[in-house]
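Here's the structure, in structure tokens; my notes come after.
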Amino acid sequence: MAAAATELICPSGALEERGVGVRFVIEHANGEKTKGFAVRFQGQVYAFRNACRHVPVELDLIDGHFFDPSREFLVCSMHGALYAPDTGLCVAGPCKGASLHALAVEERDGQVYVTG
């Protein structure tokens with residue numbers, strides 16, 4: 001899969017600490033598309049492909065709701081798998097030990113970008 005160029009995801013203010021995430025689509029040079037999402041956790045922005053590692057379905061049943069009720073983990077709304085928001089490591093559920101595919105992000109000048 002060819003790398004994507006730097007693309008704007010959202011303004012920094014759109015990502016509140018442990019709040020609703022922002023969904024986005026990256027279009028690669030070869031025409032392929034990757035669905036992703038970004039969240040803020042412990043002051044940092046993290047982004048991942050929006051696909052559970054158990055069965056590749058999108059994590060959020062309701063757009064942008066990636067955190068579990070405790071706001072400590074990302075959760076797959078279909079399988080209940082729990083992922084560490086900073087690493088994407090599945091800590092509980094049917095895919096324990098697997099990790100979400102991280103996407104490189106950069107926050108600068110009040111904006112959040114996904115980078116190649």
Side-chain angles (χ1 to χ4, degrees):
M1 183 180 306
T6 299
E7 294 183 34
L8 176 65
I9 297 175
C10 64
S12 293
L15 293 173
E16 295 181 15
E17 179 70 22
R18 301 177 195 220
V20 174
V22 172
R23 297 164 52 108
F24 59 89
V25 177
I26 302 166
E27 186 161 352
H28 302 276
N30 63 2
E32 290 185 39
K33 295 181 181 181
T34 299
K35 292 180 180 182
F37 69 94
V39 294
R40 187 176 301 277
F41 181 74
Q42 296 181 340
Q44 298 292 319
V45 176
Y46 298 94
F48 301 96
R49 286 186 188 165
N50 193 1
C52 181
R53 289 305 308 271
H54 175 229
V55 174
V57 296
E58 294 180 0
L59 270 67
D60 55 331
L61 180 62
I62 301 171
D63 285 356
H65 292 262
F66 294 99
F67 281 98
D68 73 332
S70 74
R71 303 272 187 229
E72 292 295 320
F73 299 99
L74 303 174
V75 63
C76 175
S77 61
M78 182 171 284
H79 309 109
L82 297 176
Y83 297 93
D86 54 346
T87 64
L89 178 66
C90 183
V91 297
C95 52
K96 187 174 180 177
S99 292
L100 296 173
H101 294 283
L103 300 172
V105 289
E106 181 179 311
E107 186 171 19
R108 67 177 188 281
D109 302 324
Q111 303 288 333
V112 177
Y113 300 88
V114 64
T115 58

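As the structure is a prediction and not an experimental result, all values here were calculated from the model.
For the atom pair CD1 (Ile9) and CD1 (Ile26), the distance works out to 7.0 Å, reported to the nearest 0.5 Å. Between atom NE2 of residue His54 and atom CE of residue Met78 there is a gap of 10.5 Å, rounded to the nearest 0.5 Å. Distance check, rounded to the nearest 0.5 Å: NZ of Lys96 to CG of Leu89 gives 9.0 Å. A distance of 10.0 Å separates CD in Gln44 from CG in Asp86, rounded to the nearest 0.5 Å.
The two residues Asp63 and Val20 make their nearest non-hydrogen contact at O-CG1, 4.3 Å. Closest non-hydrogen pair, Phe48 versus Leu100, comes out as CD2-CB, 3.7 Å. Between Phe67 and Gly19, the shortest heavy-atom contact is CD1-O, 3.5 Å. When all heavy atoms are compared, the tightest approach of His79 to Val55 is CE1-CB, 3.7 Å. Residues Ala81 and Cys52 approach most closely at CB-SG, 4.5 Å, considering heavy atoms.
With contacts defined as side-chain heavy-atom distances shorter than 4.5 Å, the pair Ser99/Thr87 does not qualify.
A donor-acceptor pair is defined here as one N or O able to donate and one able to accept, closer than 3.5 Å; no such pair exists between the side chain of Asp60 and the backbone of Ser77. For Arg49 (side chain) and His101 (main-chain N/O), no donor-acceptor pair under 3.5 Å exists by modelled atom type. Of the possible donor and acceptor atoms, none in the side chain of Asp109 sits under 3.5 Å from a partner among the backbone N and O of Gln111.
Remark: Asp68 pairs with Ser70 by the side chain to side chain donor-acceptor pair (under 3.5 Å) rule, at least two apart or across chains. Remark: Tyr83 engages no residue in a ring-ring contact (aromatic ring centres under 6.0 Å, His included) (not counting sequence neighbours).
When each of Tyr46, Phe66, Phe24 is checked for a ring pair (Phe, Tyr, Trp, His ring centres under 6.0 Å) with Phe37, only Phe66 meets the rule. The residue from Leu8, Val45, Val105 that alone fulfils the side-chain contact (heavy atoms from CB on, under 4.5 Å) condition with Tyr113 is Leu8.
Val39 and Phe73 are members of different hydrophobic clusters when ILVMFWY side chains are connected at heavy-atom separations under 4.5 Å.
Applying the side-chain hydrogen bond (donor to acceptor under 3.5 Å, both in side chains) rule to pairs touching residues 11-22 yields Ser12-Glu107, Arg18-Glu72, sequence neighbours excluded.
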